[in-house]
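The block underneath contains the structure these notes are about, expressed in structure tokens.
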Protein chains: 2
Amino acid sequence: MEDFKKQFKKGVIELAILKLLSEENQYGYSIIQQINTRSREQLAIKDGTLYPILYRLEDKKFIESYWYTEDEGRSKPRKYYSLTEIGKERYLRMLKDYIEIEEGLREILQSYEVK
Amino acid sequence: MEDFKKQFKKGVIELAILKLLSEENQYGYSIIQQINTRSREQLAIKDGTLYPILYRLEDKKFIESYWYTEDEGRSKPRKYYSLTEIGKERYLRMLKDYIEIEEGLREILQSYEVK
DNA sequence: ACAATATACCTTGTAATACAAAGTATTTAT
DNA sequence: ATAAATACTTTGTATTACAAGGTATATTGT
């Protein structure tokens with residue numbers, strides 16, 4: 001992948017993860033699939049990328065995890081993550097800041113100061 | 001500044017710089033002021049951030065520099081930067097990719113899959 | 001039944017980069 | 001004259017998505 005695509009993704013990935021968890025508790029692999037599908041592959045991430053982010057978010061108490069088996073036939077539980085209260089606050093602040101910065105960039109990209 | 005604001009800026013700063021240089025040749029300090037003003041401080045960067053980026057862009061041949069004194073009364077020249085041909089291509093590709101990724105993120109932020 | 005693929009989680013090492021913080025010197029405003 | 005802004009430079013640091021490797025289970029096709 002081109003280097004600047006990587007750069008664009010940094011930071012926004014965390015925002016996307018928090019948003020998905022604000023909708024519903026999910027396990028890691030499910031988050032990857034949702035990000036890949038719903039962003040139409042534009043924000044696609046690898047599992048080796050996601051899991052370290054989840055551990056970091058958990059260390060910071062923005063999310064919590066629990067092992068859970070939903071199917072009868074399934075022997076192995078999956079590790080589910082849920083948003084904590086401060087995680088929800090974090091998500092809302094990130095969203096606000098993201099929108100502000102995106103608008104700032106748009107100003108530069110769209111405008112053209114005639115001298 | 002909060003850590004995620006930093007993250008959002010990474011990558012997009014370079015895009016903003018290339019855009020400004022695509023409009024007009026400019027010296028470093030002028031770029032800082034334009035970014036700060038036109039983004040309404042949302043994308044504000046420090047000089048210690050800009051100059052290393054300019055050197056990197058020059059190493060990669062995306063921009064070129066020349067010293068120039070425009071005023072009579074001014075003894076010290078300012079270092080002007082201009083976009084090269086491959087710099088222009090880089091800018092257009094970055095712009096396209098940025099827009100795609102931004103749209104991908106919007107899909108995640110706006111949509112809510114009802115199960 | 002078997003093979004192949006997808007699912008699901010984990011770990012290590014790396015390259016990239018905005019920033020803080022420091023410096024130097026000139027120019028402009030009070 | 002003094003302060004503030006301008007203009008450029010350098011060093012060191014923390015962060016983080018990724019590649020690439022691993023293990024094991026579950027599902028699908030033949």
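Lettering of chains follows the sequences in order, A, B, ..., and the numbering in each one begins at 1.
- A close approach under 4.0 Å does occur between a side-chain nitrogen or oxygen of B:Gln33 and OP1 or OP2 of D:dT6.
- Rounded to a whole Å, the NZ atom of A:Lys76 is 8 Å from the P atom of D:dA26.
- The backbone N or O of B:Gly87 sits nowhere less than 3.5 Å from a side-chain atom of B:Lys60 that would complete a donor-acceptor pair.
- Rounded to whole Å, the distance from CD1 on B:Ile13 to P on C:dA18 is 7 Å.
- We find that A:Arg93 and A:Glu89 are not joined by a salt bridge, their nearest charged nitrogen and carboxylate oxygen being 4.0 Å or further apart.
- One finds a side-chain N or O of B:Arg56 lying less than 4.0 angstrom from the OP1 or OP2 phosphate oxygen of C:dA18.
- Residue B:Ile45 is classed as a sugar-phosphate contact, given heavy-atom separations below 4.0 Å to backbone atoms only.
- We find that CD1 of B:Ile32 is positioned 10 Å from P of D:dT6, with the value rounded to whole Å.
- Residue B:Lys9 places no side-chain N or O under 4.0 Å from the OP1 or OP2 atom of C:dT17.
- In this structure, CG of A:Leu50 is placed 16 Å from C1' of D:dA19, rounded to the nearest angstrom.
- Note: CD (B:Glu14) to P (C:dT17) measures 7 Å, nearest angstrom.
- Protein atom CZ of A:Phe8 is 17 Å distant from nucleotide atom P of C:dA16, rounded to whole Å.
- Separating the CG atom of A:Leu54 from the P atom of D:dC18 is a distance of 13 Å, rounded to the nearest angstrom.
- Whole-Å rounding puts the B:Leu15 CG to C:dT17 P distance at 14 Å.
- With D:dA19, D:dT16, C:dA20 as the choices, the nucleotide that has an atom nearest any side-chain atom of B:Lys46 turns out to be C:dA20.
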Output a table of nitrogen or oxygen pairs between the protein and nucleotides 10-14 of chain C separated by less than 3.5 Å.
from   : atom 1 : to      : atom 2 : distance (Å)
C:dC10 : OP1    : A:Lys79 : NZ     : 3.2
C:dC10 : OP2    : A:Tyr55 : OH     : 2.4
C:dC10 : O5'    : A:Tyr55 : OH     : 2.9

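- With A:Lys19 contributing its side chain and B:Gln110 its backbone, the two residues share no donor-acceptor pair below 3.5 Å.
- Between the B:Gln26 side chain and the B:Leu20 main chain, a donor and an acceptor come within less than 3.5 Å of each other.
- At a threshold of 4.5 Å between non-hydrogen side-chain atoms, the residues A:Arg56 and A:Asp59 do not count as touching.
- Note on A:Ile53: only backbone sugar-phosphate atoms sit closer than 4.0 angstrom, heavy atoms only; bases stay farther off.
- A salt bridge links B:Glu14 to B:Arg90: at least one charged side-chain nitrogen sits closer than 4.0 Å to a carboxylate oxygen.
- The aromatic rings of A:Tyr66 and A:Tyr80 sit parallel, their planes meeting at an angle under 30°, below the 60° perpendicular limit.
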